[in-house]
Asker: 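Supplied in structure tokens, the structure appears directly below.
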Amino acid sequence: MCGIVGYWGKKNSVPILIKGLRRLEYRGYDSAGIAVLDGNNLNYLKRSGKVKILEDALKGSHIKGKIGIAHTRWATHGIPNDINAHPQMDVTDSIALIHNGIIENHSTLREILIRDGVKFRSETDTEVLVQLISSIYNHNGLSLEEAVRAALQKVVGAYGIVLISKDEPDKLIAARFGSPLVIGIGEGEYFVASDAAPIIEYTRKVMYLDEGEMAIISNGELTIKKIFDNTVVSKKISNVEWSVEQIEKGNFPHYMLKEIHEQERTVIDTMRGRLRVEEGDAFLGGIQDFLPRIESARRYYITACGTSWHAGMIGKYLLEEYAGIPVHVEYASEFRYRESIVGPDTVVIAISQSGETADTLAAIRKARDKGALTMGICNVVGSSISRETDCGVYTHAGPEIGVASTKAFTAQVTVLSMFALMLGRRKQRLSKSQGQEITRSMNKLGGYIKEVLADDEQLKIVARATQHVNNYLYLGRGLNFPVALEGALKLKEISYIHAEGYPAAEMKHGPIALIDEKMPVVFIAPRDKTYKKILANIEQVKSRKGITIVFTDKRSEEIERLSDYLIVLPSTHDHIFPILVSIPLQLLAYHLAVLRGCNIDQPRNLAKSVTVE
Ligand code: AGP
């Protein structure tokens, strides 16, 4: 949600900043802007639309300089246009500020500033902040750093900000409260960004700003202080593992397709060193020290948003079956404001690809305040959720750039499967041979995924046949019900076809009214214990002339008769099938979106990392 990048160093910052914006564009893409200090001159340029438009506009300008900031926006306050784009400038164009987050008391502050004679140009909450800093700076004889600190004390809300000023032209200041910021440390140069993607080309050494911290870069020195009491903080430098190739598209037309294809490898990366195939068990190092508390907990909560919530639903089914522990799955946005039964006897598990989702982070903080043990399942190493939880497991899926989550989902389900297996074995609810059945199937997963990816012809046929429909229904039972939800989410977010996921048997309680010859219905129907039941549901759709698209693991006469389109996947353990079948569902959504001419990696109105409420 909004991409921030800043540079302080010896080179011309403009190409570095623009490249950085391109790397961050997945976070927001409705407008972009840049501001650069060239001695005492502060020049800026802003454009609505994609980074490319800003880049083209820059070619005709003389903007250059060794200290600069740039921003790609996901609008919250004010429509996406040139004026509302960041950087926001103060009234004299002396201070330029970029911001990710929401200033909640912006209306009150705006009114006060207007009464003091400040003239606003934009509708943004961000302009309120820069005008406030400027007003304090100009009227109180404070330094820029002191003015920023004083202004931030008056602000309610969430922010990751970076600013520069022509009155202190050697300085770059960044501050974080609620929205992530990473500082890259190079040779005589510094980078500030919303995440490490724009930095790793130049340096692997990073520092993550924590809540309530600000960074001041001046005279070649980086100082980190607490915003609220001005104490200096000494922080450790971390190393980023991700490579530049991992954040590039390679030969694929879209990041989403690349990431779908990566899954034959990423699920293996997720299991590496963790799956004990012959022992029928798993070992998760990041939670080892907390196992006594995890095992003796009375209940678990899984909290997450979107796709990660769907993974959590699968986790619930597995944990309850393998480990016999009651698991509640709650949207983080609900959990954070609700009085759920959480205390020291509870484990709260947050699942998040980015590790920065505002609601999930808030849910974890609430759980911690109530005395629960918090556990993170995150993809981004060093992310806020991974740092703020007591223990956790990384999914190791590598950077996910496409806004639609794909490889992160299968990695999350893989981690949850290992977690449930490990608890089931420790609690002796699963025998060694039952464990081995699971681990041996998991061990073959990469090969099965490869097989599925090798042939997507039938999916392309389905996509061509249904590309003009307005609705899609996804039905599954048991573990495949959350898979149906995830299939529907994938389709709606990238193709804009309205789609719903339901437990198959629920169809007769309402959705069946929608079935006619224009309604495609996806059935996830492996040969598990509800197979016969789901066949009856397919029959019901067929007899109402619905278009039946069936994903199963074994061909039979009956299923061929009932399916307008049949996709047969390799046969695997019932508990592993949800991971496998998610992949053709991702591909179906992808092909439909391509045929409909949609922007696959940057679907309208969405952003990859939702760091505002
Ligand atoms: C997935 O395709 C979505 N774009 C979205 O639902 C996402 O899963 C959600 O915003 C949660 O993100 P997180 O996993 O980074 O917390």
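All ligand and atom numbering here is 1-based and tracks the order in the structure. Just the heavy atoms: all of them, side chains too, but no hydrogens, waters or symmetry mates, feed the values below.
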Asker: Just let me know how Glu356 lines up against ligand 1, side chain, backbone, both or neither, with a heavy-atom cut-off below 4.0 Å.
Answerer: neither
Asker: How far is atom 10 (O) of ligand 1 from its nearest protein heavy atom, and which residue and atom is that?
Answerer: Val610 CG2, 4.0 Å
Asker: Among protein heavy atoms, which lies nearest atom 15 (O) of ligand 1, and at what distance?
Answerer: Ser354 OG, 2.7 Å
Asker: Show which atoms of ligand 1 fall inside a sub-4.0 Å distance from at least one heavy-atom site of Ser405.
Answerer: 1 (C), 2 (O)
Asker: Kindly confirm or rule out an N or O of Val403 lying under 3.5 angstrom from an N or O of ligand 1.
Answerer: yes
Asker: Considering non-hydrogen atoms of the protein only, which is the closest contact for atom 2 (O) of ligand 1, and what is the distance?
Answerer: Glu493 OE2, 2.4 Å
Asker: State the atoms of ligand 1, each with its element, that fall below the 4.0 Å cut-off from a heavy-atom position in Thr307.
Answerer: 1 (C), 2 (O), 6 (O), 8 (O)
Asker: Only heavy atoms of Lys490, strictly under 4.0 Å: list the atoms of ligand 1 that pass.
Answerer: 1 (C), 2 (O)
Asker: If you count the atoms of ligand 1 from 1 in the order shown, which ones are under 4.0 Å from a heavy atom of Ser308?
Answerer: 8 (O), 13 (P), 14 (O)
Asker: Considering residues, nucleotides and ligands other than Ile341, do more than 12 of their heavy atoms fall under 6.0 Å from its CD1?
Answerer: no
Asker: Minimum distance, heavy atoms only, to atom 6 (O) of ligand 1: which one of Ala358, Cys305, Gly306 is it?
Answerer: Gly306
Asker: So if I count the atoms of ligand 1 from 1 in the order they appear, which ones are less than 4.0 Å from some heavy atom of Ala404?
Answerer: 2 (O)
Asker: Is Asp390 paired with Arg293 through a side-chain N to carboxylate O contact shorter than 4.0 Å?
Answerer: no
Asker: Measure the shortest side-chain to side-chain distance between Ile576 and Met442 over non-hydrogen atoms and say whether it is less than 4.5 angstrom.
Answerer: yes
Asker: Under 3.5 Å, N or O to N or O, is Thr357 touching ligand 1 that way?
Answerer: yes
Asker: Could you check whether Arg274 and Thr414, counting side-chain N and O atoms only, form a donor-acceptor pair closer than 3.5 Å?
Answerer: no
Asker: Side chains of Thr410 and Gln263: do they bring a donor and an acceptor to under 3.5 Å?
Answerer: yes
Asker: Do the side chains of Asp369 and Lys366 get close enough for a salt bridge, i.e. N-O under 4.0 angstrom?
Answerer: no
Asker: Looking at residues at least two apart in the chain, or sitting in another chain, which of them share a ring pair (Phe, Tyr, Trp, His ring centres under 6.0 Å) with Phe577?
Answerer: none
Asker: Could you tell me whether Lys450 atom NZ has more than 12 heavy atoms of other residues or ligands within 6.0 Å of it?
Answerer: no
Asker: As an exercise, identify every atom of ligand 1 less than 4.0 angstrom from a heavy atom of Ser352.
Answerer: 13 (P), 14 (O), 15 (O), 16 (O)
Asker: Cation over ring, Arg604 on Tyr496, under 6.0 Å and within 45°?
Answerer: yes
